[in-house]
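Worksheet for the structure shown next.
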Protein chains: 2
Amino acid sequence: MEYEHTCMIRGDGGRALRAILDQICNKWTLLVVATLDQGILRFTDLHHQIPGISQRMLTLTLRNLERDGLITRTVHAEVPPRVEYALTPTGESLIPPALALAGWAIANAPGIEASREAYAEYRQNG
Amino acid sequence: MEYEHTCMIRGDGGRALRAILDQICNKWTLLVVATLDQGILRFTDLHHQIPGISQRMLTLTLRNLERDGLITRTVHAEVPPRVEYALTPTGESLIPPALALAGWAIANAPGIEASREAYAEYRQNG
DNA sequence: CCGTATCCGAAATGATACTG
DNA sequence: CAGTATCATTTCGGATACGG
């Protein structure tokens, strides 16, 4: 039992954590951050590398990350325009904990899926 | 740069991770899991210890966690009824990565807040 | 005590069209 | 190329009332 440590989560009723989680755990943020871990990328690069994301959601996600200081946005005065995105040190520091969670998710995905099927079965037949 | 590792996140377009994240990163799940880390608790215990949660959302959150095999739900045939919730080993194994993320969130909250204020300032004045 | 049922408003996301 | 604007849809969560 590691109850002493979970005060980090429960501390202020979870407000500090959830303020960040709200930002991190939307549909695209972690995917954008992970993609930018390969280095400087342009808008179109990201759009191509992240399957399914719309221009609108990519723009919104990038703007929020920039606002929070996790990425930089550099506009080059050229024609055609070139805009480059890169992780800041803060943004890079998010990668290890994100990987920890991703590792857990992937390791437990089969078990969770099995549990869901068993649960659905149980709800149907009793 | 740790790009080689982020394939865990980007692997399948992030689907494996997001399937879990959808479940984990709603408003209450992590808070319920962290609270249950102290041991077996009843519905009312949880309701009292988690400020602001409604009966409805507590029920929904607990049902989803039970469905995914992260908690057990034990009904005792008594009057008045007694229902006990506890983490499964899978549920407990979520605590360390959750703490890693919480640690990051709390460590970086001041910097992010500062960045947000600077960004708002910038948007107002130019 | 431990929920379920219903309704409603807010927020997130997607589709589509248009622009400097 | 790198967005913005607008609209429709979906999903989430809160409030309230009721039930075994």
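Below, chains carry the letters A, B, ... as their sequence lines are ordered, and counting in each starts from 1.
- The minimum heavy-atom distance linking A/Arg42 with A/Tyr85 is given by the pair C-CD1, 4.5 Å.
- Within the structure, every pair that satisfies the side-chain hydrogen bond (donor to acceptor under 3.5 Å, both in side chains) test and touches residues 93-115 of chain A, not counting sequence neighbours, is listed here: A/Ser93-B/Trp104, A/Trp104-B/Ser93.
- No donor-acceptor pair under 3.5 Å is formed between the side chain of B/Thr6 and the backbone N or O of B/Ile9.
- Residues from residues 68-85 of chain B lying near DNA chain C, meaning a heavy-atom separation below 4.0 Å, are B/Arg73, B/Pro80, B/Pro81, B/Arg82, B/Val83, B/Tyr85 in numerical order.
- With sequence neighbours excluded, the residues forming a side-chain contact (heavy atoms from CB on, under 4.5 Å) with A/Thr44 are A/His48, listed by chain and number.
- When every heavy atom of A/Leu30 is checked against every heavy atom of A/Ala98, the shortest pair comes out as CD2-CB, 3.7 Å.
- Residues meeting the side-chain contact (heavy atoms from CB on, under 4.5 Å) test with A/Ala86, sequence neighbours left out: A/Ile40, A/Thr72.
- Atom NE2 of A/His76 sits about 5.5 Å away from atom OG1 of A/Thr74, to the nearest 0.5 Å.
- If one axis is set at each end of the helix from C/dC1-D/dG20 to C/dG20-D/dC1 from five pairs, those axes are 50° apart, to 10°.
- B/Gln23 and B/Leu65 get closest at one heavy-atom pair: NE2-N, 4.0 Å.
- Protein chain B contacts DNA chain D from D/dG13 to D/dG20, reading 5' to 3' and using non-hydrogen atoms of the protein with a distance under 4.0 Å.
- A search for side-chain contact (heavy atoms from CB on, under 4.5 Å) contacts involving B/Gln55 returns B/Phe43, B/His47, not counting sequence neighbours.
- Bracketed by its first and final contacts, the part of DNA chain C lying under 4.0 Å from non-hydrogen atoms of chain B reaches from C/dC1 to C/dT6 in 5' to 3' order.
- For A/Leu101, the side-chain contact (heavy atoms from CB on, under 4.5 Å) partners are B/Leu21, B/Leu94, B/Pro97, B/Leu101, not counting sequence neighbours.
- The salt bridge (charged side-chain N to carboxylate O under 4.0 Å, His left out) check on A/Glu84 picks up A/Arg82, with sequence neighbours excluded.
- The stretch residues 44-66 of chain A comes close to DNA chain D through A/Thr44, A/Gln55, A/Arg56, A/Thr59, A/Arg63, each having a heavy atom under 4.0 Å from the strand.
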Item checked: Residues B/Thr61, B/Trp28; criterion side-chain contact (heavy atoms from CB on, under 4.5 Å); working and verdict -> CA-CA 7 Å; B/Thr61 304; B/Trp28 302 110; 3.8 Å; yes
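- Applying the salt bridge (charged side-chain N to carboxylate O under 4.0 Å, His left out) test to B/Arg18 and every residue at least two apart in sequence or in another chain returns B/Asp22.
- For the 3.5 Å distance criterion, the side chains of A/Thr29 and A/Asn26 qualify, holding a donor opposite an acceptor.
- Residues B/Ile71 and B/Thr88 approach most closely at C-CG2, 3.7 Å, considering heavy atoms.
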